[in-house]
Undergrad: 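Let me begin by handing over the structure; questions about it come next.
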Amino acid sequence: MPELPEVESVARSLRGFLPGRRISRVLCHFPGSVSSGAGPFRKTLPGRTVVGIGRHGKYLFLGLSGGLYVGLHLRMTGQLLFLPRRRAPDSHSHVEIFLTASESKLVFRDVRKFGRLELLPGSPEEFIRERRLGPDALAILPGELYQRLRQTRRCLKAALLDQRVLAGLGNIYTDEVLFRARLSPRRSASSLSRRQVQALLLTIREVLASAIRRRGTSISDYVDARGRRGGFQFALQVYGRQGAACPRCGTPIVRSVVAGRGTWSCPRCQRDPDSSRRAGVRPGGHWTGPGIGATLENG
DNA sequence: ACTATCCCCTGACGGC
DNA sequence: TGCCGTCAGGGGATAG
């Protein structure tokens, strides 16, 4: 599923070709993909030139001449692709944007139809404010993340997945980050110290930067605008790997459900000090209650 | 104001 | 083989 590194990879693959191109015609085969309305979208874009490509979290923005912006979210299976102008659209190609003097067209494909394009009523900054999106995961500062995690009662994974806390992390990168930072996804988000949040943010930046270098994670549908798959699926350490040996300690990786999402973690490396205390272990680490099984997050 | 739950949508997969 | 039920998941809407 496209998260920050995948959206950034799409943005980069667009930047090499799209800026300066003029839109000649727009076809909306599935009007539901354009949440601002297919009619205005089809009528407003032709004649305008693409002047820039932006990204915030998992949102992509196309800046058009005349001060207009298109926002795009790929959700689960969305793709934005350069395809040969004369290629017939398949049943999953929902929007086609034709460009003047080009052998390519820009196609929005989406098997599950969750993705959305929209003509923004204002600037991307206003859009971000109205949706109440948090700072981009690559731009947020440690003090700011600390404050945002402190003021929620949810667990760490739920907080990191919440795009209003910080924008860009989805299920894959959240699990990978928490594993590398040795933090339990179930741990209370507000229980982290300043120092721990600082370390967590360094891990977030490292994982995202590494994934961008590999042009994202391609597990099923993801490809960039040139149709290239990413390579970070080969660097995943826990996501989707239940039963495999933890790369650090050899304990089998466990799948559970946290915040309503499939969650992969190492029950040994990512123990939760909060639940250990509840299970009868004093902060000092001496056993006072039930056996070790009670402190493992997945039983 | 917060938080949890439901829903959209289709392909993959397991059971019989 | 093939049918059918279940699952996956981002984020908006809705409920508590």
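Every chain is numbered from 1, with letters handed out A, B, ... down the list of sequences.
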Undergrad: To the nearest angstrom, how far is A:N171 atom CG from C:dC7 atom C1'?
TA: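 Rounding to the nearest Å, CG of A:N171 and C1' of C:dC7 are 14 Å apart.
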Undergrad: Which part of the nucleic acid, if any, lies within contact of A:G262, taking any heavy atom under 4.0 Å across all strands shown: a base, the sugar-phosphate backbone alone, or nothing?
TA: sugar-phosphate
Undergrad: Return the value, rounded to whole Å, for the distance between atom CH2 of A:W264 and atom C1' of C:dG9.
TA: 10 Å
Undergrad: Rounded to the Å, how far apart are A:L74 CG and C:dA8 C1'?
TA: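 It works out to 17 Å between those atoms.
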Undergrad: Just to confirm, is there a sub-4.0 Å distance from OP1 or OP2 of B:dT3 to any side-chain nitrogen or oxygen of A:R154?
TA: yes
Undergrad: B:dG11, OP1 or OP2 - any side-chain N/O from A:T77 closer than 4.0 Å?
TA: no
Undergrad: May I ask you to decide if the ring planes of A:Y173 and A:F232 are parallel, tilted or perpendicular, using 30° and 60° as cut-offs?
TA: tilted
Undergrad: Please report the distance, rounded to the nearest Å, between CZ in A:R75 and P in C:dA8.
TA: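 So the CZ-P distance, A:R75 to C:dA8, works out to 19 Å.
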Undergrad: Check whether the side chains of A:S123 and A:E126 place a donor and an acceptor atom closer than 3.5 Å, and report yes or no.
TA: yes
Undergrad: Do A:Q242 and A:R255 get their side chains close enough for a donor-acceptor pair, meaning under 3.5 Å?
TA: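 No donor-acceptor contact under 3.5 Å links the two side chains.
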Undergrad: If you take atom types as modelled and just measure distance, does the side chain of A:R164 reach the base of C:dG11 with a donor-acceptor pair under 3.5 Å?
TA: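 It does not, because no donor-acceptor pair links the side chain of A:R164 to the base of C:dG11 below 3.5 Å.
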Undergrad: Which of residues 109-117 of chain A sit near DNA chain C, with a heavy atom under 4.0 Å from it?
TA: A:R112, A:F114
Undergrad: Over 60° means perpendicular and under 30° means parallel, so tell me whether A:H92 and A:H94 are parallel, tilted or perpendicular.
TA: perpendicular
Undergrad: Any side-chain N or O of A:H73 less than 4.0 Å from the OP1 or OP2 oxygen of C:dG12?
TA: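 Checking C:dG12 against A:H73, no side-chain N or O comes under 4.0 Å of OP1 or OP2.
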Undergrad: Under 4.0 Å from any atom of DNA chain C, heavy atoms only: list the residues of residues 53-61 of chain A that qualify, in numerical order.
TA: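 Correct list: A:K58, A:Y59.
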Undergrad: Check A:R154 with A:D162, please: is the shortest side-chain N to carboxylate O separation under 4.0 Å?
TA: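 Counted as a salt bridge, because a side-chain N and a carboxylate O are separated by less than 4.0 Å.
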Undergrad: Taking atom C1' of C:dA8 as reference, at what distance in whole Å does atom CZ of A:R261 sit?
TA: 9 Å
Undergrad: Flag the pair A:D90 and A:R109 as a salt bridge only when some basic side-chain nitrogen lies within less than 4.0 angstrom of an acidic carboxylate oxygen.
TA: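 Here A:D90 pairs with A:R109 in a salt bridge, since their nearest N and O are under 4.0 Å apart.
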Undergrad: For the pair made of CD1 in A:I219 and C1' in C:dG10, what is the distance, rounded to whole Å?
TA: 15 Å
Undergrad: Could you state the atom-to-atom distance from NZ of A:K157 to C1' of C:dG10 in whole Å?
TA: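 The distance from NZ of A:K157 to C1' of C:dG10 comes to 13 Å, rounded to the nearest Å.
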Undergrad: Looking at A:Y222, is A:R228 sitting on its ring face, NZ or CZ under 6.0 Å from the six-membered ring centre and within 45 degrees of the normal?
TA: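 Not satisfied by the 6.0 Å and 45° rule.
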Undergrad: Please say whether the positively charged group of A:R21, taken as NZ for Lys or CZ for Arg, lies over the ring of A:F17, i.e. under 6.0 angstrom from the six-membered ring centre and within 45 degrees of the axis.
TA: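 A:R21 over A:F17 ring: yes.
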Undergrad: Does anything in residues 131-146 of chain A reach DNA chain B, meaning a heavy atom under 4.0 Å, and if so which residues?
TA: none
Undergrad: Give a yes or no on whether the backbone of A:R261 and the side-chain of A:T263 come within a donor-acceptor separation of less than 3.5 Å.
TA: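 Judged by distance alone, yes, a pair lies under 3.5 Å.
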Undergrad: One thing to verify: whether A:R129 and A:E125 come together as a salt bridge, which I'm taking to mean a side-chain N less than 4.0 angstrom from a carboxylate O.
TA: no
Undergrad: Looking at the side chain of A:M76, which of B:dT3, C:dG11, C:dG10 is the nearest nucleotide?
TA: C:dG10
Undergrad: Please tell me if A:R255 has a side-chain N or O lying less than 4.0 Å from either OP1 or OP2 of C:dA8.
TA: yes
Undergrad: Quick one: label A:S220 by what it contacts on the DNA or RNA (base, sugar-phosphate, nothing), any heavy atom closer than 4.0 Å.
TA: nothing
Undergrad: With a 6.0 Å cut-off on ring centres, are A:F61 and A:F127 close enough?
TA: yes
Undergrad: Quick one: A:L156 CG to B:dT3 P, roughly how many Å, whole number?
TA: 14 Å
Undergrad: Would you verify whether the NZ or CZ of A:K113 falls within 45 degrees of the ring axis of A:F30 while also being under 6.0 Å from that six-membered ring's centre?
TA: yes
Undergrad: Tell me whether the OP1 or OP2 atom of C:dG9 has a side-chain N or O from A:Y239 closer than 4.0 Å.
TA: yes
